[in-house]
Amino acid sequence: TTCLVNQATSVDTLTVIAGGTLMQTNWSAKLTANAMTIAGAVQPVGPVTNAADMSRIWLAATNFFLAGTGKLEADGRGFDVTNQISYGPGAGTPDNLRGAGGSYGGKGGNSVFWGVSGTNYGSVAEPSDLGSAGTYGHSSYVYGGGAGGGAIRIEAGQAVLNGTVSANGALGRDYGGAGSGGSVWLTCASLAATGGVIQANGGRPNDPNSGHGGGGRIAIHCASPDANLQLRCYAYPGIGTGLPGTEQGIYGQMGTLYLSDVSLLNVNLGLCSGVRLALPVITNHWIAPSPLVIPSNTWVVLSESNFTFEAA
């Protein structure tokens with residue numbers, strides 16, 4: 001069963017049962033509820049080639065519960081390729097031999113020939129953009145590149161994320177580059193999770209000489225995370241059937257993960273990888289909590305100049 005939402009809608013209680021699908025077909029179709037339970041799937045439409053057709057997942061609830069079976073799915077629902085034209089602010093320069101990956105939070109991978117990925121764009125702290133498509137890679141193919149990931153926005157009082165929130169880029173078609181990851185922007189007063197996943201990975205190419213999609217952008221704004229939070233966040237450049245970031249193709253750049261409060265570092269980041277971690281402005285002298293856990297395959301980006309670090 002599929003339910004379509006094409007305009008802003010408010011209800012008291014909303015439940016998407018396991019096996020059910022709710023599809024938001026308009027960019028402004030915000031769905032608001034006092035209590036919201038997602039055990040099935042929520043999706044936007046896409047991919048798209050123009051702004052008039054854009055949609056996103058936009059959910060707001062006082063009490064938001066994403067069950068272990070629940071999925072917010074925006075994989076490949078961003079900007080697309082058609083008639084050898086790649087769309088999106090991070091779409092690069094095409095090549096008649098092999099395509100480049102799309103860019104968003106991270107730059108896509110160039111091809112081994114002349115395909116060049118586009119530039120990074122969008123907000124780190126408040127990401128709301130669609131991911132960009134990879135470029136086509138051979139004049140014999142009309143499409144070629146993969147579509148970018150879509151956009152997901154969650155606003156909640158109490159949020160529990162036990163399922164999957166996904167805005168991955170699509171695989172590159174034929175000899176084209178892969179699409180970049182999309183955006184996930186979560187705002188909540190409190191956050192709990194057991195086995196939850198947020199991902200905005202770039203896609204991988206179909207050909208080893210084409211470029212991976214760059215990682216997307218994830219932002220978590222929360223003042224009161226649960227002490228036992230188990231939430232994994234990924235924004236790798238290119239994914240596939242093996243471990244993230246290990247497949248064929250020319251690698252791009254990891255996407256970004258923004259955390260609004262440093263208290264999220266220890267309770268959350270030990271389970272995350274493949275991201276460039278961005279912290280808010282704190283002070284120019286930060287005494288880090290002990291123990292401070294920063295996982296492998298992660299960069300830490302501090303927003304203050306003349307910054308000094310001191311262990312507790």
A.B. asks: Do I152 and R56 come close enough that some side-chain heavy atom pair is under 4.5 Å?
C.D. replies: no
A.B. asks: May I ask you to decide if V5's main-chain N or O and Q24's side chain share a donor-acceptor pair within less than 3.5 Å?
C.D. replies: no
A.B. asks: Taking the side chain as everything from C-beta on, heavy atoms only, tell me whether S166 gets closer than 4.5 Å to E73.
C.D. replies: no
A.B. asks: What distance separates I57 CD1 from I154 CD1, expressed to the nearest 0.5 Å?
C.D. replies: 8.0 Å
A.B. asks: Heavy atoms only: give me the nearest S210-P205 pair and the separation to one decimal.
C.D. replies: O-CG, 3.5 Å
A.B. asks: Return the CZ to OH distance between R204 and Y251, rounded to the nearest 0.5 Å.
C.D. replies: 11.0 Å
A.B. asks: Are D174 and N206 side-chain neighbours, meaning at least one heavy-atom pair lies under 4.5 Å?
C.D. replies: no
A.B. asks: Any side-chain heavy atom of I38 sitting closer than 4.5 Å to one from L22?
C.D. replies: no
A.B. asks: Could you walk me through whether V81 and Y87 pass the side chain to side chain contact (heavy atoms under 4.5 Å, CB included) test, one step at a time?
C.D. replies: CA-CA 6 Å; V81 182; Y87 292 87; 5.9 Å; no
A.B. asks: Give a yes or no on whether Y104 and M54 share a hydrophobic cluster (residues Ile, Leu, Val, Met, Phe, Trp, Tyr; joining criterion: side-chain heavy atoms under 4.5 Å apart).
C.D. replies: no
A.B. asks: So for atom NZ, which belongs to K71, do other residues, nucleotides or ligands contribute more than 12 heavy atoms lying within a distance under 6.0 Å?
C.D. replies: no
A.B. asks: Are L59 and L31 close enough, and set up right, to give a side chain to side chain contact (heavy atoms under 4.5 Å, CB included), and what steps lead you there?
C.D. replies: CA-CA 5 Å; L59 305 174; L31 185 53; 4.1 Å; yes
A.B. asks: Judged by modelled atom types alone, do S123 and Y258 share a side-chain donor-acceptor pair under 3.5 Å?
C.D. replies: no
A.B. asks: From S180 OG over to D129 CG, what is the distance, rounded to the nearest 0.5 angstrom?
C.D. replies: 9.5 Å
A.B. asks: Measure across A74 and A151 and return the closest heavy-atom pair with its distance rounded to 0.1 Å.
C.D. replies: CB-N, 4.3 Å
A.B. asks: Which heavy atom of G182 sits nearest to which heavy atom of A200, and what is that distance?
C.D. replies: O-CB, 3.5 Å
A.B. asks: Roughly how far, to the nearest 0.5 Å, is the CG atom of L186 from the CD1 atom of I220?
C.D. replies: 6.0 Å
A.B. asks: Output yes when a side-chain donor or acceptor of N110 lies under 3.5 Å from a complementary backbone atom of S117, and no otherwise.
C.D. replies: yes
A.B. asks: Looking at T9 and Q7, would you say the former's side chain and the latter's main chain have a donor-acceptor pair under 3.5 Å?
C.D. replies: yes
A.B. asks: Please report the interatomic distance CZ(F79) to CG(D53), rounded to the nearest 0.5 Å.
C.D. replies: 10.0 Å
A.B. asks: Go through the steps for W58 and E155 under the test side chain to side chain donor-acceptor pair (under 3.5 Å), then give the verdict.
C.D. replies: CA-CA 8 Å; W58 189 4; E155 305 170 37; 2.6 Å; yes
A.B. asks: Within the side chain of S111, is there an N or O that forms a donor-acceptor pair under 3.5 Å with the backbone of R98?
C.D. replies: yes
A.B. asks: Do L231 and I198 touch side chain to side chain, with heavy atoms closer than 4.5 Å?
C.D. replies: yes
A.B. asks: What I want to check is whether the side chains of R153 and T187 have a donor and an acceptor closer together than 3.5 Å.
C.D. replies: yes
A.B. asks: Looking only at heavy atoms, what is the nearest atom pair of W185 and A125, with distance?
C.D. replies: NE1-O, 4.2 Å
A.B. asks: Look at the side-chain heavy atoms of Ile, Leu, Val, Met, Phe, Trp and Tyr, link any pair under 4.5 Å apart, and say whether V112 and V116 land in one connected group.
C.D. replies: no
A.B. asks: Could you tell me whether R173 and D80 make a salt bridge, using a distance below 4.0 angstrom between a side-chain N and a carboxylate O?
C.D. replies: yes
A.B. asks: Before giving the answer on side chain to side chain contact (heavy atoms under 4.5 Å, CB included), spell out for L191 and L229 the whole-Å C-alpha distance, their side-chain angles and the decisive distance to 0.1 Å.
C.D. replies: CA-CA 8 Å; L191 177 61; L229 185 73; 3.8 Å; yes
A.B. asks: Can you find a side-chain donor-acceptor pair between N26 and S55 that sits under 3.5 Å?
C.D. replies: no
A.B. asks: Identify the heavy atoms of A18 and T69 that sit nearest to each other, and give their distance.
C.D. replies: CB-OG1, 4.3 Å
A.B. asks: Please report the closest heavy-atom contact between L66 and T164, naming both atoms and the distance.
C.D. replies: CD2-N, 3.8 Å
A.B. asks: Indicate whether the side chain of Q253 and that of N120 have a donor and an acceptor atom separated by less than 3.5 Å.
C.D. replies: yes
A.B. asks: Whether the side chain of S103 engages the backbone of G118 through a donor-acceptor N/O pair (distance < 3.5 Å, no angle test) should be reported.
C.D. replies: yes
A.B. asks: Does T256 reach the main-chain N or O of V124 with its side chain, forming a donor-acceptor pair under 3.5 Å?
C.D. replies: no
A.B. asks: Are any non-hydrogen side-chain atoms of F64 and L161 less than 4.5 angstrom apart?
C.D. replies: yes
A.B. asks: Between L277 and L259, is there a side-chain heavy-atom distance shorter than 4.5 Å?
C.D. replies: yes
A.B. asks: Are the side chain of S86 and the backbone of G134 linked by a donor-acceptor contact shorter than 3.5 Å?
C.D. replies: yes
A.B. asks: Do any N or O atoms from the side chain of H212 and from the backbone of P237 form a donor-acceptor pair under 3.5 angstrom?
C.D. replies: yes
A.B. asks: Okay, side chain of S260, backbone of C222: is any donor-acceptor separation there less than 3.5 Å?
C.D. replies: yes
A.B. asks: Do the side chains of V184 and M36 join up, straight or via other hydrophobic residues, at under 4.5 Å, putting them in one cluster?
C.D. replies: yes
A.B. asks: Apply side chain to side chain donor-acceptor pair (under 3.5 Å) to residues R217 and S183 and explain how you reach the verdict.
C.D. replies: CA-CA 5 Å; R217 296 195 187 276; S183 64; over 6 Å; no
A.B. asks: Would you say S132 and L130 make side-chain contact, with heavy atoms under 4.5 Å?
C.D. replies: no
A.B. asks: For L4, does the CG atom have more than 12 heavy-atom neighbours from other residues, nucleotides or ligands under 6.0 Å away?
C.D. replies: yes
A.B. asks: Indicate, with yes or no, if V165 and I218 share a hydrophobic cluster defined by side-chain heavy-atom contacts under 4.5 Å among Ile, Leu, Val, Met, Phe, Trp and Tyr.
C.D. replies: yes
A.B. asks: Report yes or no: do V16 and V160 belong to one cluster of Ile/Leu/Val/Met/Phe/Trp/Tyr joined by side chain heavy-atom distances under 4.5 Å?
C.D. replies: no
A.B. asks: Distance from Y234 atom OH to N201 atom CG, nearest 0.5 Å?
C.D. replies: 9.0 Å
A.B. asks: For side chain to side chain donor-acceptor pair (under 3.5 Å), just list the numbers for Q199 and D75, CA-CA rounded to whole Å, side-chain angles, deciding distance to a tenth of an Å, and then say yes or no.
C.D. replies: CA-CA 10 Å; Q199 55 188 8; D75 295 350; 5.1 Å; no
